Amino acid sequence: MNILPKKRWHVRTKDNIARVRRDEAKAAEEERLKQERAKLAEREARTQLLRERAKERLKTSDFISFSGEAADVSIQTQGGHVNFFQDFEEGIDECKKANVEHDKEKREEQEQYEKKIGYLTYLGQDTNEALARMVKLHDVKFYKPDPRAIYYMALQKAQHKLAVVRSDSSIEIWNLKHTPYVEEIIPCISNYNIQGVVWSTDRLFSCTLEGFLHEYNLATLSVKDSQTLVGEAGYCLDINKDNCNIAVGTENGYLNIFELTDENEIKFVKFLDKQEGRILCLKYDHTGKFIISGSTDVIRVWNVDTGSAIHKMTTGRTQLQKSTIVWCLEVMKDLTIITGDSRGKLTFWDGKIGSQIESYQTHKADILALTLSEDEDMLFCAGVDPVLMSYAKVKIKEQNEKWVKSIQRKVHDHDVRALLLVNKKLYSGGIDGYLACSYHPPRTIVRYPPVTQNNCITLSRSERLLLLQYPNYLDVWNLGTTSKTPNENGFYNLTNSVRKLLHLERPMKNDSQEKYTETIICSSLSSDGQWIAFSSILGCRLYQFFRYEDDKPQIKPVKSFPLESEACIRLNFTPDSKELIANMVSGNIVAVNLDDLTIKQTIETSAYFSNVVLHSTISSNGKYLVVADIASNVVVWSKHSKWKYYYTLPRYNCTPTALGIQPTTSSLWIAYSDHKVIEYSLPQRRFTEFSQTLDTRKIETHINKDFPIRNITFDLNNENVVVLHDDSNIVVINNNVKSAESPSKKVKKFKSSEVSKSNKPRITSLKKYQHLVHLEMLADDEIVAVEVSPLSLMEKLLPCLKQNTFGTK
């Protein structure tokens with residue numbers, strides 16, 4: 001290998017390096033000359049164009065004739081007097097004409113500004129082709145929620161549920177059984193700071209910096225029970241394999257042991273011997289008899305029965321004055337302890353004798369997260385250095401085993417705070433807020449953006465208002481109007497520009513008198529734009545919205561609102577804006593009359609639903625109310641003088657992710673988590689024939705199989721056209737199949753052989769978005785698309801760990 005630099009063809013010889021530099025300099029000079037020639041040609045063309053325009057404007061040749069014959073305007077009056085202001089009086093002077101070039105430049109600047117804010121209304125060529133007609137597309141890109149980092153994750157294996165703790169201490173419950181989606185969100189309660197989360201069968205627990213162990217009620221999205229910790233702030237917690245004991249590490253070095261009783265209660269058992277310094281991470285071993293804790297410079301092995309530490313292992317320091325912090329750890333069945341620390345080292349320890357086995361310098365900065373496969377043959381780690389590093393266990397000799405470096409992945413650009421390995425799929429999350437799923441083979445990376453998947457956008461078609469829901473506040477925008485005809489470039493000019501009308505938030509104070517903002521669970525805007533409602537965990541709020549042509553919009557809170565002290569999961573206004581339908585956390589459905597602000601009707605739903613309500617929608621004629629829960633129970637109520645139970649749809653084994661009611665035919669469209677789409681005729685109480693012809697596999701070829709269908713909307717001019725969308729794709733289904741059967745209360749089963757191939761629907765799709773949040777028809781020829789730009793999420797983050805790439809300084 002030492003003779004390679006002596007070869008003439010070696011790339012690092014002086015001659016070859018000099019030759020490359022000469023070629024690069026020559027290419028740069030040629031490119032410079034080419035740019036200068038292009039600029040010169042452009043200047044000459046622009047000069048010639050200006051000269052020709054000047055000739056046309058003056059209506060003369062290159063030279064102005066001073067002879068009387070050439071003059072086409074006389075400035076002499078009939079009396080013989082000379083009138084020097086005749087051109088101004090007759091209005092033929094050039095100064096009175098509009099500056100066409102200046103107006104065009106101003107118009108182009110306005111279009112460029114509208115493009116930057118993402119609002120410019122234009123003819124979407126792809127959308128037109130999909131809908132088979134011309135529509136105006138409002139491309140809304142000013143919805144910019146703040147990215148909420150992922151701090152902790154916990155898996156419930158039996159029900160395939162993943163609890164994700166965000167930086168605002170809200171907890172998202174993801175269902176991973178089919179397509180990952182958010183089932184419910186537990187909002188931040190009283191400004192608590194969550195430091196860890198665990199599952200015990202179907203019970204969810206967390207510890208906080210305020211010194212509490214919380215158990216959550218997933219049905220009411222609230223805290224069910226709280227226990228005070230010994231040792232002030234809680235930093236970590238874990239549960240044993242039998243799901244009967246929880247250990248919590250605290251600020252003052254105490255390990256708190258709690259017992260989960262059969263009566264679904266939390267009982268404090270004891271605390272172990274006090275150690276010096278805070279406990280930052282802990283894990284139960286496989287037997288539940290030992291607890292391994294990590295803190296500054298030390299790893300300890302605790303005997304749960306005696307309450308004392310049996311082993312103390314020191315990590316060592318890279319710098320004498322800089323402590324080594326053990327951020328995370330895992331425990332194997334043979335009591336081998338794996339730790340990740342602030343030096344970026346992955347260390348293996350023998351917990352039986354309390355000694356170090358081996359250590360690897362895997363990262364350039366702190367390791368914040370570790371995860372171990374169920375068979376304990378694969379290990380993943382990451383941290384401030386966001387590279388996901390994997391290690392595999394291999395056999396060297398007959399009984400000797402060794403951990404060796406395997407593959408590495410670059411999924412995130414910022415710190416990785418949580419890792420979980422589920423069915424050979426690695427779920428990771430961190431500061432950027434994306435929940436990433438990566439696996440191999442095949443090499444796949446899916447990134448779920450930190451955007452609320454539930455209904456966070458409400459559109460008022462008649463008033464052209466757009467309600468945008470953020471985690472802690474609401475914004476109302478006026479979409480404005482456009483010209484009737486497009487300009488030369490195919491763009492529609494805005495006659496009334498877009499503007500923000502309202503910013504609504506509700507500041508609160510916790511028990512320590514610290515200010516915080518209420519976390520919003522759901523919100524809604526009435527069809528006439530006069531009512532705004534939202535709900536937090538503390539209760540539901542109703543506001544009256546006033547708009548005037550000259551003055552600024554005003555908002556007035558409604559006092560003595562009957563639902564002010566009760567939280568809601570979903571809110572819907574009726575199309576006539578006379579009633580507010582609220583799905584309460586308690587499970588009931590309440591109808592509030594907006595004329596006198598009284599409760600008009602309360603519907604008991606315990607006989608219909610077995611879980612939390614996920615979706616609710618009202619038909620455009622105000623006749624049908626459809627509500628669906630997480631357990632895939634879809635129930636319909638019809639409107640007479642009051643809401644009356646109408647029908648319950650057959651239950652499917654997957655959870656619905658989107659609902660929509662066709663305005664003309666009153667057909668209910670439902671999309672499920674496995675991408676199955678059905679159409680159900682509400683007037684006839686039966687599945688349509690088209691629902692039997694629609695193949696789920698054909699739909700999956702047009703959408704992203706890793707993302708759920710977020711929304712269903714309909715073409716207001718064509719009842720046969722249905723529009724679906726996920727995170728990045730828009731799918732248009734052209735339904736030409738009509739149900740010819742007579743109305744029946746029973747669901748008729750169709751055979752695939754009865755449906756001819758010619759009746760299969762036409763499905764088209766387009767992919768032009770990255771994070772499409774909402775898509776809905778605004779008018780017959782207008783459609784609104786709300787998109788969150790990935791760049792707007794990244795620009796709000798702090799700089800990531802800077803690393804030098806190969807060959808650069």
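No experiment lies behind these values; they were computed from the predicted model shown. Just so it is clear, the values below take in all heavy atoms, side chains as well, and ignore hydrogens, waters and symmetry mates.
Counting heavy atoms from C-beta outward, N175 and P180 have side chains that stay 4.5 Å or more apart. Counting heavy atoms from C-beta on, the side chains of C381 and T362 come closer than 4.5 Å. The side-chain heavy atoms of I17 and V20, taken from C-beta on, include no pair separated by under 4.5 Å. Two residues are said to be in side-chain contact when any heavy atoms from C-beta on lie closer than 4.5 Å; I357 and T336 meet this criterion. For the pair L379 and S390, the minimum side-chain heavy-atom distance is 4.5 Å or more. Between W349 and I299, some side-chain heavy-atom pair lies under the 4.5 Å cut-off.
There is no side-chain donor-acceptor pair under 3.5 Å between S673 and H178. Defined by atom type and a distance below 3.5 Å, a donor-acceptor pair is present between the side-chain atoms of R409 and S438. A donor atom on one side chain and an acceptor atom on the other are not found under 3.5 Å apart for Y151 and Q195. Donor-acceptor pairing under 3.5 Å is lacking for the side chains of H771 and E787. Between the side chains of E31 and Q35, a donor-acceptor pair is found at a separation under 3.5 Å. Side-chain contact annotation: T657 with R710, donor-acceptor N/O pair under 3.5 Å absent. Between the side chains of H412 and S428, a donor-acceptor pair is found at a separation under 3.5 Å. A donor atom on one side chain and an acceptor atom on the other are not found under 3.5 Å apart for S342 and W327.
Remark: D23 CG is packed, more than 12 non-hydrogen atoms of other residues, nucleotides or ligands lying under 6.0 Å away. Counting heavy atoms of neighbouring residues, nucleotides and ligands inside a 6.0 Å radius, atom NZ of K796 exceeds 12 of them. No more than 12 heavy atoms of other residues, nucleotides or ligands shown are found within 6.0 angstrom of CZ on R46.
Test P147, P145, P449, P450 against V788 for side-chain contact (heavy atoms from CB on, under 4.5 Å) and you get one pass: P145. Looking at I194, I185, V164 one by one, the single match for side-chain contact (heavy atoms from CB on, under 4.5 Å) with I171 turns out to be I194.
The six-membered or imidazole ring of Y448 lies near that of F707, with a centre-to-centre distance under 6.0 Å. Taking the six-membered ring for Trp and the full ring otherwise, Y143 and Y470 have centroids separated by under 6.0 Å. The six-membered or imidazole ring of W174 lies away from that of Y181, with a centre-to-centre distance of 6.0 Å or more.
Cation-pi geometry between K424 and Y439 is not satisfied (NZ or CZ under 6.0 Å from the ring centre, within 45° of the ring normal).
Salt bridge annotation for K393-E376: absent, with no cationic side-chain nitrogen under 4.0 angstrom from a carboxylate oxygen. The residues D341 and R343 are annotated as salt-bridged, a charged nitrogen and a carboxylate oxygen being separated by less than 4.0 angstrom. Using a 4.0 Å cut-off between charged nitrogen and carboxylate oxygen, E36 and K39 do not count as a salt-bridge pair.
Checked by atom type and distance alone, the side chain of D350 never pairs as donor or acceptor with a backbone atom of S355 at under 3.5 Å. Not a single donor-acceptor pair under 3.5 Å links the side chain of T452 to the backbone N or O of C456. Between the H414 side chain and the P386 main chain, no donor and acceptor come within less than 3.5 Å of each other. The backbone N or O of P442 sits less than 3.5 Å from a side-chain atom of T444, completing a donor-acceptor pair. D706 places no side-chain N or O within donor-acceptor distance of the main-chain N or O of V446, the cut-off being under 3.5 Å. Put simply, the side chain of S373 gets close to the backbone of M378: a donor and an acceptor are under 3.5 Å apart.
In this structure, the separation between CD1 on I457 and CG on L775 is 11.5 Å, given to the nearest 0.5 Å. Taking CD1 of I431 as the reference point, atom CG of L798 lies at 8.5 Å (rounded to 0.5 Å). Here the straight-line distance linking atom OG1 of T314 with atom CD of Q356 works out to 9.0 Å at 0.5 Å rounding. Taken from CG in D168 to CZ in R166, the straight-line distance is 8.5 Å, to the nearest 0.5 Å.
Heavy atoms only, all atoms of each residue included: L372 and V331 are closest at CD2-O, 4.5 Å.
Ring planes of H725 and H774: perpendicular class, angle over 60° (limits at 30 and 60°).
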